[in-house]
Amino acid sequence: MIHNLKHRINVRFASKGVLFSKKIDEFLCDCSNAFLFVVRFFKEAFTKPFHLNELINQCFDVGLKSLLLISITGFIVGVVFTEQSRPGLVDFGATSWLPSLVCLAIVRALGPLVTALICAGKVGSGIGAELGSMQVTEQIDAMEVSAINPFKYLVVTRVMATTIAIPVLAIYCSFIGLYGSYLNVHEQESSSLISFYQNAFSYISFLDLFAFMLKSVTYGFTIGMVSCYMGYHATQGTRGVGRAANQAVVLTIFLVFIEEFIIVTGINFFRYG
Amino acid sequence: MERENRHIVNDHAPVISISGLFKSFGELPVLQGIDLNLYEGENIAILGKSGSGKSVLIKMIVGLLLPDKGLVTVLGQNVAALNRKALDRLRLHIGFSFQNSALYDSMNVFQNLAFPLTMNVKHLNRLQVTRAVEEALEAVGLRDKIREMPSDLSGGQRKRIGIARTLILKPKIMLYDEPTSGLDPVTSADIIELINLVQSQYHTSSLIITHDLTCAKNTANRIAMLSKGKFSKIGSFDELFVTDDDQLKAFFNYNFLQ
(Lines give C-alpha, C1' and ligand atoms only; values in the text may rest on other atoms or scores of the structure.)
Protein backbone atom coordinates (compact mmCIF):
# COMPACT_ATOMS: atom_id res chain seq x y z
CA MET A 1 0.00 0.00 0.00
CA ILE A 2 2.81 2.39 0.96
CA HIS A 3 4.69 1.45 -2.21
CA ASN A 4 1.59 2.33 -4.25
CA LEU A 5 1.09 5.59 -2.35
CA LYS A 6 4.71 6.58 -2.94
CA HIS A 7 4.33 5.73 -6.61
CA ARG A 8 1.17 7.84 -6.83
CA ILE A 9 2.82 10.83 -5.13
CA ASN A 10 5.83 10.66 -7.46
CA VAL A 11 3.58 10.28 -10.52
CA ARG A 12 1.40 13.19 -9.39
CA PHE A 13 4.41 15.45 -8.92
CA ALA A 14 5.79 14.35 -12.29
CA SER A 15 2.47 14.68 -14.11
CA LYS A 16 1.78 18.20 -12.83
CA GLY A 17 5.03 19.45 -14.32
CA VAL A 18 6.73 22.03 -12.13
CA LEU A 19 4.50 23.05 -9.20
CA PHE A 20 6.70 25.63 -7.44
CA SER A 21 10.23 25.31 -8.69
CA LYS A 22 12.12 22.16 -9.60
CA LYS A 23 14.16 22.22 -6.37
CA ILE A 24 11.15 22.86 -4.12
CA ASP A 25 9.22 20.10 -5.89
CA GLU A 26 12.11 17.70 -5.37
CA PHE A 27 12.37 18.70 -1.72
CA LEU A 28 8.62 18.17 -1.14
CA CYS A 29 8.78 14.84 -2.96
CA ASP A 30 11.79 13.79 -0.81
CA CYS A 31 9.94 14.85 2.37
CA SER A 32 6.89 12.78 1.46
CA ASN A 33 9.09 9.79 0.56
CA ALA A 34 11.04 10.12 3.82
CA PHE A 35 7.80 10.29 5.81
CA LEU A 36 6.46 7.17 4.05
CA PHE A 37 9.81 5.46 4.69
CA VAL A 38 9.44 6.06 8.44
CA VAL A 39 5.79 4.96 8.40
CA ARG A 40 6.79 1.81 6.54
CA PHE A 41 9.48 1.11 9.15
CA PHE A 42 6.93 1.13 12.00
CA LYS A 43 4.55 -1.00 9.95
CA GLU A 44 7.19 -3.60 9.07
CA ALA A 45 8.97 -3.61 12.44
CA PHE A 46 6.01 -5.06 14.29
CA THR A 47 4.85 -7.67 11.78
CA LYS A 48 6.24 -11.13 11.12
CA PRO A 49 8.72 -12.44 10.07
CA PHE A 50 11.30 -11.04 12.51
CA HIS A 51 14.87 -11.53 11.33
CA LEU A 52 16.38 -11.96 14.81
CA ASN A 53 19.68 -13.47 13.63
CA GLU A 54 20.28 -10.56 11.28
CA LEU A 55 19.31 -8.11 14.05
CA ILE A 56 21.85 -9.68 16.43
CA ASN A 57 24.51 -9.61 13.68
CA GLN A 58 23.81 -5.94 13.02
CA CYS A 59 23.90 -5.08 16.75
CA PHE A 60 27.34 -6.70 17.05
CA ASP A 61 28.42 -4.97 13.85
CA VAL A 62 27.33 -1.53 15.06
CA GLY A 63 28.81 -2.09 18.53
CA LEU A 64 32.11 -3.58 17.47
CA LYS A 65 32.66 -1.13 14.60
CA SER A 66 32.55 1.84 16.93
CA LEU A 67 33.89 0.39 20.21
CA LEU A 68 37.53 1.44 19.85
CA LEU A 69 36.70 4.93 18.59
CA ILE A 70 34.10 5.43 21.33
CA SER A 71 36.58 4.28 23.97
CA ILE A 72 39.30 6.66 22.84
CA THR A 73 37.04 9.69 22.26
CA GLY A 74 35.08 9.08 25.48
CA PHE A 75 38.30 8.89 27.49
CA ILE A 76 39.72 12.03 25.87
CA VAL A 77 36.48 13.97 26.40
CA GLY A 78 36.51 13.04 30.13
CA VAL A 79 40.15 14.00 30.63
CA VAL A 80 40.00 17.24 28.60
CA PHE A 81 36.71 18.44 30.12
CA THR A 82 38.08 17.86 33.64
CA GLU A 83 41.34 19.58 32.79
CA GLN A 84 39.53 22.59 31.26
CA SER A 85 37.02 22.92 34.10
CA ARG A 86 39.54 22.78 36.96
CA PRO A 87 40.95 26.36 36.74
CA GLY A 88 37.47 27.90 36.99
CA LEU A 89 36.62 25.83 40.09
CA VAL A 90 40.05 26.40 41.69
CA ASP A 91 39.35 30.17 41.64
CA PHE A 92 36.29 29.55 43.87
CA GLY A 93 37.93 26.81 45.97
CA ALA A 94 35.35 24.37 44.63
CA THR A 95 37.50 21.60 43.10
CA SER A 96 35.48 19.07 45.11
CA TRP A 97 32.60 19.82 42.74
CA LEU A 98 34.66 18.68 39.77
CA PRO A 99 33.29 15.08 39.66
CA SER A 100 29.66 16.34 39.80
CA LEU A 101 30.31 18.95 37.14
CA VAL A 102 31.93 16.47 34.77
CA CYS A 103 29.22 13.89 35.42
CA LEU A 104 26.45 16.43 34.77
CA ALA A 105 28.11 17.49 31.55
CA ILE A 106 28.61 13.91 30.38
CA VAL A 107 25.15 12.62 31.33
CA ARG A 108 23.23 15.69 30.19
CA ALA A 109 25.07 16.36 26.94
CA LEU A 110 28.45 14.91 26.07
CA GLY A 111 27.84 11.14 26.45
CA PRO A 112 24.96 10.74 23.98
CA LEU A 113 26.19 13.52 21.68
CA VAL A 114 29.78 12.30 21.30
CA THR A 115 28.53 8.72 20.77
CA ALA A 116 26.02 9.88 18.16
CA LEU A 117 28.61 11.93 16.26
CA ILE A 118 31.14 9.09 16.22
CA CYS A 119 28.48 6.56 15.16
CA ALA A 120 27.08 8.88 12.50
CA GLY A 121 30.52 8.94 10.91
CA LYS A 122 31.44 5.32 11.44
CA VAL A 123 28.16 3.41 11.29
CA GLY A 124 25.99 5.83 9.30
CA SER A 125 28.41 6.15 6.41
CA GLY A 126 28.89 2.36 6.42
CA ILE A 127 25.16 1.67 6.22
CA GLY A 128 24.64 4.38 3.56
CA ALA A 129 27.43 3.00 1.39
CA GLU A 130 26.45 -0.65 1.89
CA LEU A 131 22.78 -0.19 1.03
CA GLY A 132 23.65 2.28 -1.73
CA SER A 133 25.97 -0.22 -3.32
CA MET A 134 23.32 -2.94 -3.00
CA GLN A 135 20.78 -0.63 -4.63
CA VAL A 136 22.86 0.38 -7.64
CA THR A 137 24.01 -3.21 -8.30
CA GLU A 138 20.37 -4.42 -8.15
CA GLN A 139 21.01 -6.65 -5.11
CA ILE A 140 17.98 -5.10 -3.39
CA ASP A 141 15.85 -5.85 -6.47
CA ALA A 142 17.25 -9.39 -6.45
CA MET A 143 15.99 -9.82 -2.89
CA GLU A 144 12.62 -8.38 -3.82
CA VAL A 145 12.12 -10.77 -6.75
CA SER A 146 13.20 -13.71 -4.57
CA ALA A 147 10.12 -12.98 -2.42
CA ILE A 148 12.28 -11.60 0.39
CA ASN A 149 11.20 -8.25 1.78
CA PRO A 150 14.43 -6.22 1.52
CA PHE A 151 13.00 -3.40 3.61
CA LYS A 152 12.37 -5.75 6.49
CA TYR A 153 15.64 -7.64 6.10
CA LEU A 154 17.96 -4.69 5.47
CA VAL A 155 16.30 -1.54 6.83
CA VAL A 156 14.30 -2.75 9.85
CA THR A 157 17.20 -4.79 11.24
CA ARG A 158 19.73 -1.97 10.80
CA VAL A 159 17.50 0.74 12.27
CA MET A 160 16.63 -1.48 15.23
CA ALA A 161 20.30 -2.37 15.69
CA THR A 162 21.40 1.28 15.84
CA THR A 163 18.45 2.11 18.12
CA ILE A 164 19.49 -0.66 20.53
CA ALA A 165 23.29 -0.47 20.24
CA ILE A 166 23.81 3.29 20.40
CA PRO A 167 22.27 3.74 23.89
CA VAL A 168 24.52 0.90 25.10
CA LEU A 169 27.52 2.60 23.49
CA ALA A 170 26.47 5.94 25.00
CA ILE A 171 26.41 4.39 28.50
CA TYR A 172 29.80 2.80 27.84
CA CYS A 173 31.17 6.10 26.48
CA SER A 174 29.93 7.97 29.56
CA PHE A 175 31.59 5.53 31.97
CA ILE A 176 34.84 5.66 30.00
CA GLY A 177 34.63 9.48 30.03
CA LEU A 178 34.06 9.47 33.79
CA TYR A 179 36.97 7.06 34.24
CA GLY A 180 39.18 9.44 32.24
CA SER A 181 37.99 12.23 34.48
CA TYR A 182 38.68 10.12 37.59
CA LEU A 183 42.26 9.43 36.47
CA ASN A 184 42.81 13.17 36.04
CA VAL A 185 41.20 14.01 39.40
CA HIS A 186 43.10 11.16 41.10
CA GLU A 187 46.38 12.50 39.73
CA GLN A 188 45.70 16.06 40.92
CA GLU A 189 43.55 15.62 44.04
CA SER A 190 44.26 11.98 45.07
CA SER A 191 40.58 11.00 45.14
CA SER A 192 39.53 7.33 45.40
CA LEU A 193 37.40 5.73 42.65
CA ILE A 194 34.44 5.08 44.98
CA SER A 195 34.33 8.59 46.43
CA PHE A 196 34.73 10.02 42.89
CA TYR A 197 31.71 8.10 41.60
CA GLN A 198 29.65 8.85 44.76
CA ASN A 199 30.44 12.51 44.36
CA ALA A 200 29.86 12.44 40.59
CA PHE A 201 26.37 10.96 40.70
CA SER A 202 25.14 12.96 43.72
CA TYR A 203 23.54 15.61 41.48
CA ILE A 204 22.17 13.25 38.84
CA SER A 205 18.38 13.02 38.92
CA PHE A 206 15.96 10.55 37.35
CA LEU A 207 15.10 13.19 34.76
CA ASP A 208 18.77 13.35 33.71
CA LEU A 209 18.91 9.59 33.22
CA PHE A 210 15.60 9.64 31.36
CA ALA A 211 16.84 12.43 29.07
CA PHE A 212 20.08 10.49 28.54
CA MET A 213 18.19 7.39 27.38
CA LEU A 214 15.70 9.41 25.31
CA LYS A 215 18.50 11.19 23.50
CA SER A 216 20.50 8.01 22.91
CA VAL A 217 17.49 6.12 21.54
CA THR A 218 16.47 9.08 19.35
CA TYR A 219 19.99 9.52 17.97
CA GLY A 220 20.32 5.79 17.34
CA PHE A 221 17.01 5.73 15.48
CA THR A 222 17.95 8.83 13.48
CA ILE A 223 21.37 7.42 12.49
CA GLY A 224 19.82 4.13 11.32
CA MET A 225 16.85 5.71 9.58
CA VAL A 226 18.71 8.47 7.72
CA SER A 227 21.55 6.16 6.63
CA CYS A 228 19.14 3.49 5.43
CA TYR A 229 16.98 6.04 3.60
CA MET A 230 19.98 7.53 1.80
CA GLY A 231 21.40 4.13 0.87
CA TYR A 232 18.05 2.66 -0.12
CA HIS A 233 17.37 5.53 -2.50
CA ALA A 234 20.84 5.78 -4.02
CA THR A 235 20.94 6.25 -7.77
CA GLN A 236 23.49 6.94 -10.51
CA GLY A 237 26.08 4.23 -9.89
CA THR A 238 29.20 4.57 -7.79
CA ARG A 239 28.81 8.34 -7.64
CA GLY A 240 25.40 7.82 -6.05
CA VAL A 241 26.91 5.44 -3.47
CA GLY A 242 29.45 8.06 -2.44
CA ARG A 243 26.74 10.70 -2.25
CA ALA A 244 24.50 8.41 -0.17
CA ALA A 245 27.31 7.78 2.35
CA ASN A 246 28.16 11.48 2.50
CA GLN A 247 24.57 12.67 2.85
CA ALA A 248 23.90 10.02 5.50
CA VAL A 249 26.62 11.51 7.72
CA VAL A 250 25.86 15.19 7.04
CA LEU A 251 22.10 14.93 7.45
CA THR A 252 22.37 12.70 10.54
CA ILE A 253 24.70 15.15 12.32
CA PHE A 254 22.42 18.06 11.40
CA LEU A 255 19.33 16.22 12.70
CA VAL A 256 21.12 15.09 15.88
CA PHE A 257 21.83 18.73 16.82
CA ILE A 258 18.23 19.72 16.11
CA GLU A 259 17.00 16.82 18.25
CA GLU A 260 19.45 17.79 21.01
CA PHE A 261 17.96 21.29 21.05
CA ILE A 262 14.35 20.02 21.10
CA ILE A 263 14.94 17.39 23.81
CA VAL A 264 16.93 19.76 26.06
CA THR A 265 14.22 22.41 25.69
CA GLY A 266 11.51 19.87 26.52
CA ILE A 267 13.37 18.41 29.50
CA ASN A 268 14.15 21.85 30.90
CA PHE A 269 10.48 22.69 30.64
CA PHE A 270 9.75 19.73 32.95
CA ARG A 271 12.75 20.50 35.15
CA TYR A 272 12.11 24.19 35.73
CA GLY A 273 8.47 24.50 34.73
CA MET B 1 21.94 -25.50 -31.09
CA GLU B 2 19.44 -23.50 -33.14
CA ARG B 3 15.98 -23.72 -31.75
CA GLU B 4 13.04 -24.95 -33.79
CA ASN B 5 11.20 -21.79 -34.79
CA ARG B 6 7.65 -22.69 -34.18
CA HIS B 7 4.96 -20.81 -32.32
CA ILE B 8 3.68 -22.46 -29.20
CA VAL B 9 0.07 -21.45 -29.01
CA ASN B 10 -2.13 -23.68 -26.96
CA ASP B 11 -5.62 -23.66 -25.56
CA HIS B 12 -4.44 -22.83 -22.06
CA ALA B 13 -4.40 -19.31 -20.69
CA PRO B 14 -1.02 -17.65 -21.20
CA VAL B 15 1.38 -17.73 -18.23
CA ILE B 16 2.13 -14.05 -18.84
CA SER B 17 -0.40 -11.75 -20.48
CA ILE B 18 0.36 -8.09 -21.12
CA SER B 19 -2.24 -5.77 -22.59
CA GLY B 20 -2.29 -2.04 -23.27
CA LEU B 21 0.77 -1.38 -21.14
CA PHE B 22 1.99 2.21 -20.77
CA LYS B 23 4.89 3.50 -18.69
CA SER B 24 6.57 6.89 -18.54
CA PHE B 25 9.32 8.33 -16.38
CA GLY B 26 8.48 11.98 -15.85
CA GLU B 27 7.76 13.36 -19.28
CA LEU B 28 9.67 10.58 -21.04
CA PRO B 29 7.33 7.92 -22.42
CA VAL B 30 9.01 4.50 -22.40
CA LEU B 31 6.27 1.97 -23.17
CA GLN B 32 3.29 3.07 -25.23
CA GLY B 33 0.77 0.27 -25.54
CA ILE B 34 2.45 -3.12 -25.22
CA ASP B 35 0.50 -6.35 -25.85
CA LEU B 36 2.08 -9.77 -25.47
CA ASN B 37 1.17 -13.31 -24.42
CA LEU B 38 3.72 -15.88 -23.24
CA TYR B 39 2.41 -19.45 -23.28
CA GLU B 40 3.50 -22.42 -21.20
CA GLY B 41 6.76 -23.94 -22.46
CA GLU B 42 7.40 -21.02 -24.79
CA ASN B 43 10.49 -18.81 -24.98
CA ILE B 44 10.09 -15.27 -26.27
CA ALA B 45 13.07 -13.02 -26.93
CA ILE B 46 12.49 -9.28 -26.79
CA LEU B 47 14.88 -7.37 -29.00
CA GLY B 48 15.42 -3.67 -28.92
CA LYS B 49 17.95 -0.90 -28.73
CA SER B 50 19.40 0.25 -25.41
CA GLY B 51 16.88 2.45 -23.61
CA SER B 52 13.93 1.07 -25.56
CA GLY B 53 12.23 -0.11 -22.35
CA LYS B 54 13.00 -3.85 -22.42
CA SER B 55 14.18 -4.02 -18.82
CA VAL B 56 11.32 -1.77 -17.69
CA LEU B 57 8.90 -4.26 -19.22
CA ILE B 58 10.21 -7.28 -17.30
CA LYS B 59 10.49 -5.27 -14.10
CA MET B 60 6.75 -4.60 -14.39
CA ILE B 61 6.09 -8.31 -14.90
CA VAL B 62 7.70 -9.07 -11.56
CA GLY B 63 6.15 -6.08 -9.78
CA LEU B 64 9.34 -4.05 -9.33
CA LEU B 65 7.72 -1.20 -11.25
CA LEU B 66 4.06 -0.30 -11.52
CA PRO B 67 2.46 0.45 -14.90
CA ASP B 68 0.87 3.84 -15.53
CA LYS B 69 -1.85 2.14 -17.54
CA GLY B 70 -2.60 -1.37 -18.77
CA LEU B 71 -2.63 -4.85 -17.36
CA VAL B 72 0.12 -7.37 -16.56
CA THR B 73 -1.22 -10.79 -15.64
CA VAL B 74 1.13 -13.53 -14.46
CA LEU B 75 -0.24 -17.03 -13.86
CA GLY B 76 -3.71 -15.51 -13.94
CA GLN B 77 -3.02 -12.78 -11.37
CA ASN B 78 -3.00 -9.04 -11.99
CA VAL B 79 0.44 -8.08 -10.69
CA ALA B 80 -0.35 -4.42 -9.93
CA ALA B 81 -3.39 -5.34 -7.82
CA LEU B 82 -1.63 -7.85 -5.55
CA ASN B 83 -0.77 -7.08 -1.94
CA ARG B 84 2.73 -7.78 -0.62
CA LYS B 85 2.03 -11.34 0.53
CA ALA B 86 0.27 -12.36 -2.68
CA LEU B 87 2.99 -10.74 -4.77
CA ASP B 88 5.68 -12.62 -2.84
CA ARG B 89 3.79 -15.88 -3.36
CA LEU B 90 3.63 -15.16 -7.10
CA ARG B 91 7.32 -14.21 -7.21
CA LEU B 92 8.23 -17.68 -5.95
CA HIS B 93 7.16 -18.95 -9.38
CA ILE B 94 9.25 -16.40 -11.28
CA GLY B 95 13.00 -16.60 -11.71
CA PHE B 96 14.72 -13.32 -12.56
CA SER B 97 18.25 -13.35 -13.94
CA PHE B 98 19.72 -9.84 -13.70
CA GLN B 99 21.93 -8.23 -16.29
CA ASN B 100 24.85 -7.87 -13.86
CA SER B 101 23.88 -11.06 -11.95
CA ALA B 102 23.16 -9.08 -8.74
CA LEU B 103 24.88 -11.61 -6.51
CA TYR B 104 25.02 -10.60 -2.83
CA ASP B 105 28.66 -9.60 -2.57
CA SER B 106 28.84 -10.08 1.21
CA MET B 107 27.88 -13.76 0.84
CA ASN B 108 29.73 -16.66 -0.77
CA VAL B 109 28.16 -18.77 -3.53
CA PHE B 110 26.61 -21.24 -1.09
CA GLN B 111 25.05 -18.45 0.98
CA ASN B 112 23.82 -16.66 -2.17
CA LEU B 113 21.89 -19.76 -3.20
CA ALA B 114 20.81 -20.83 0.27
CA PHE B 115 19.49 -17.36 1.19
CA PRO B 116 16.28 -17.32 -0.94
CA LEU B 117 15.64 -20.94 -0.07
CA THR B 118 15.93 -20.62 3.70
CA MET B 119 13.97 -17.37 3.71
CA ASN B 120 11.06 -18.84 1.76
CA VAL B 121 10.94 -22.51 2.71
CA LYS B 122 10.63 -23.10 6.43
CA HIS B 123 11.82 -26.13 8.42
CA LEU B 124 14.63 -27.16 6.08
CA ASN B 125 17.60 -28.76 7.78
CA ARG B 126 21.21 -28.00 6.86
CA LEU B 127 21.53 -31.20 4.80
CA GLN B 128 18.46 -30.42 2.70
CA VAL B 129 19.68 -26.88 2.02
CA THR B 130 23.16 -28.12 1.06
CA ARG B 131 21.64 -30.74 -1.25
CA ALA B 132 19.40 -28.17 -2.97
CA VAL B 133 22.31 -25.75 -3.42
CA GLU B 134 24.53 -28.48 -4.85
CA GLU B 135 21.76 -29.58 -7.21
CA ALA B 136 21.28 -26.03 -8.54
CA LEU B 137 25.04 -25.57 -8.92
CA GLU B 138 25.24 -28.93 -10.68
CA ALA B 139 22.60 -27.72 -13.16
CA VAL B 140 24.79 -24.75 -14.12
CA GLY B 141 28.02 -26.76 -14.01
CA LEU B 142 29.68 -24.84 -11.18
CA ARG B 143 29.52 -27.15 -8.20
CA ASP B 144 33.21 -26.63 -7.46
CA LYS B 145 32.66 -22.88 -6.86
CA ILE B 146 30.42 -23.41 -3.84
CA ARG B 147 32.74 -21.70 -1.31
CA GLU B 148 33.95 -18.89 -3.58
CA MET B 149 33.02 -15.24 -3.14
CA PRO B 150 31.24 -13.48 -6.08
CA SER B 151 34.24 -11.15 -6.52
CA ASP B 152 36.43 -14.19 -7.33
CA LEU B 153 34.18 -15.33 -10.22
CA SER B 154 34.36 -14.42 -13.91
CA GLY B 155 31.47 -12.62 -15.66
CA GLY B 156 30.17 -15.84 -17.18
CA GLN B 157 30.40 -17.70 -13.87
CA ARG B 158 28.53 -14.91 -12.13
CA LYS B 159 25.72 -15.14 -14.72
CA ARG B 160 25.52 -18.90 -14.17
CA ILE B 161 25.45 -18.54 -10.39
CA GLY B 162 22.74 -15.89 -10.80
CA ILE B 163 20.68 -18.36 -12.84
CA ALA B 164 21.36 -21.12 -10.29
CA ARG B 165 20.07 -18.82 -7.54
CA THR B 166 16.76 -18.45 -9.38
CA LEU B 167 16.55 -22.20 -10.09
CA ILE B 168 16.77 -23.12 -6.43
CA LEU B 169 13.11 -22.12 -5.98
CA LYS B 170 12.11 -24.15 -9.07
CA PRO B 171 10.31 -21.35 -10.94
CA LYS B 172 7.68 -21.83 -13.65
CA ILE B 173 8.71 -18.66 -15.50
CA MET B 174 12.21 -17.38 -16.18
CA LEU B 175 12.97 -13.75 -17.01
CA TYR B 176 16.46 -13.15 -18.38
CA ASP B 177 17.71 -9.56 -18.55
CA GLU B 178 20.51 -9.38 -21.14
CA PRO B 179 21.91 -12.85 -20.37
CA THR B 180 24.82 -12.60 -22.81
CA SER B 181 25.75 -8.93 -22.53
CA GLY B 182 29.40 -8.27 -21.77
CA LEU B 183 30.43 -11.88 -22.45
CA ASP B 184 32.79 -13.26 -25.09
CA PRO B 185 31.22 -15.40 -27.88
CA VAL B 186 32.26 -18.72 -26.31
CA THR B 187 30.85 -17.85 -22.88
CA SER B 188 27.71 -16.42 -24.58
CA ALA B 189 27.23 -19.77 -26.34
CA ASP B 190 27.54 -21.54 -22.96
CA ILE B 191 24.86 -19.25 -21.47
CA ILE B 192 22.57 -19.85 -24.48
CA GLU B 193 23.02 -23.58 -24.00
CA LEU B 194 22.24 -23.16 -20.32
CA ILE B 195 19.01 -21.24 -21.05
CA ASN B 196 17.84 -24.09 -23.27
CA LEU B 197 18.95 -26.66 -20.68
CA VAL B 198 17.01 -24.86 -17.95
CA GLN B 199 13.89 -24.91 -20.09
CA SER B 200 14.15 -28.62 -20.84
CA GLN B 201 15.06 -29.63 -17.26
CA TYR B 202 12.79 -27.31 -15.31
CA HIS B 203 10.00 -26.96 -17.93
CA THR B 204 9.99 -23.18 -17.67
CA SER B 205 8.52 -20.52 -19.95
CA SER B 206 10.96 -17.69 -20.57
CA LEU B 207 11.16 -14.06 -21.58
CA ILE B 208 14.65 -13.21 -22.75
CA ILE B 209 15.55 -9.54 -22.98
CA THR B 210 18.48 -9.15 -25.31
CA HIS B 211 20.01 -7.21 -28.16
CA ASP B 212 22.07 -10.25 -29.16
CA LEU B 213 20.52 -11.84 -32.27
CA THR B 214 22.44 -15.09 -31.80
CA CYS B 215 20.97 -15.45 -28.35
CA ALA B 216 17.46 -14.63 -29.60
CA LYS B 217 17.74 -17.00 -32.56
CA ASN B 218 19.00 -19.93 -30.49
CA THR B 219 16.74 -19.64 -27.49
CA ALA B 220 13.40 -18.20 -28.61
CA ASN B 221 10.32 -19.65 -30.27
CA ARG B 222 9.17 -16.13 -31.02
CA ILE B 223 10.98 -12.83 -31.21
CA ALA B 224 9.39 -9.46 -30.45
CA MET B 225 11.03 -6.29 -31.68
CA LEU B 226 10.53 -3.36 -29.29
CA SER B 227 10.80 0.01 -30.94
CA LYS B 228 9.50 3.44 -29.90
CA GLY B 229 7.62 1.97 -26.96
CA LYS B 230 5.72 -0.64 -29.01
CA PHE B 231 6.30 -4.05 -30.50
CA SER B 232 6.91 -3.25 -34.15
CA LYS B 233 6.98 -6.93 -35.11
CA ILE B 234 6.42 -10.28 -33.38
CA GLY B 235 7.18 -13.60 -35.05
CA SER B 236 9.71 -16.33 -35.58
CA PHE B 237 13.30 -15.49 -36.42
CA ASP B 238 12.73 -16.36 -40.09
CA GLU B 239 9.62 -14.16 -40.26
CA LEU B 240 11.49 -11.22 -38.80
CA PHE B 241 14.54 -11.83 -40.95
CA VAL B 242 12.63 -11.24 -44.21
CA THR B 243 11.03 -8.04 -42.96
CA ASP B 244 10.76 -4.80 -44.91
CA ASP B 245 10.94 -2.74 -41.73
CA ASP B 246 14.00 -0.48 -42.07
CA GLN B 247 14.68 -0.34 -38.34
CA LEU B 248 14.57 -4.08 -38.02
CA LYS B 249 16.81 -4.47 -41.05
CA ALA B 250 19.31 -2.05 -39.54
CA PHE B 251 19.24 -4.02 -36.28
CA PHE B 252 19.83 -7.31 -38.11
CA ASN B 253 22.60 -5.87 -40.28
CA TYR B 254 24.37 -4.36 -37.28
CA ASN B 255 24.26 -7.64 -35.38
CA PHE B 256 25.65 -9.61 -38.30
CA LEU B 257 28.42 -7.04 -38.82
CA GLN B 258 29.31 -7.41 -35.18
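Below, chains carry the letters A, B, ... as their sequence lines are ordered, and counting in each starts from 1. Quantities reported herein were computed from a predicted structural model and do not represent experimental measurements.
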Can you tell which part of B:R89 gets under 4.5 Å to a heavy atom of chain A, answering side chain, backbone, both or neither? neither
Give the C-alpha distance, both sets of side-chain angles, the deciding distance and a yes or no for salt bridge (charged side-chain N to carboxylate O under 4.0 Å, His left out) between B:K59 and A:E144. CA-CA 11 Å; B:K59 282 186 176 174; A:E144 188 94 46; over 6 Å; no
Contact summary for A:E138 and B:N100, nearest pair of heavy atoms: OE1-OD1, 3.3 Å
Minimum-distance pair of heavy atoms, taken over all atoms of A:I148 and B:R84: O-NH2, 3.8 Å
Donor-acceptor contact below 3.5 Å, side chain B:N120 vs main chain A:S146: yes
Counting heavy atoms not belonging to B:N125, are there more than 12 under 6.0 Å from its CG? yes
Non-hydrogen atoms of A:V145 and B:L64 that approach each other most closely: CG1-CD1, 3.7 Å
Would you say that more than 12 heavy atoms from the other residues, nucleotides or ligands in this model lie under 6.0 Å from the NZ of A:K65, or not? yes
Is it the backbone or the side chain of B:L103 that comes under 4.5 Å from a heavy atom of chain A, or both, or neither? backbone
Contact class of B:L169 relative to chain A, heavy atoms under 4.5 angstrom: side chain
Step through the shown structure and confirm whether more than 12 heavy atoms of other residues, nucleotides or ligands are within 6.0 Å of CZ on B:R126. no
So which of A:P49, A:S133, A:A142 has the biggest tally of heavy-atom pairs under 4.5 Å with chain B? A:A142
Do you know which of B:D105, B:I168, B:V62, B:L175 has the most heavy-atom pairs under 4.5 Å to chain A? B:D105
Within 6.0 Å of CZ in A:F27, more than 12 heavy atoms from elsewhere: no
With a sphere of 6.0 Å drawn around OH of B:Y104, does it hold more than 12 non-hydrogen atoms of other residues, nucleotides or ligands? yes
Is A:F175 atom CZ crowded by more than 12 heavy atoms from other residues, nucleotides or ligands, each under 6.0 Å away? no
Check whether more than 12 heavy atoms from other residues, nucleotides or ligands sit under 6.0 Å from atom NZ of B:K85, and answer yes or no. no
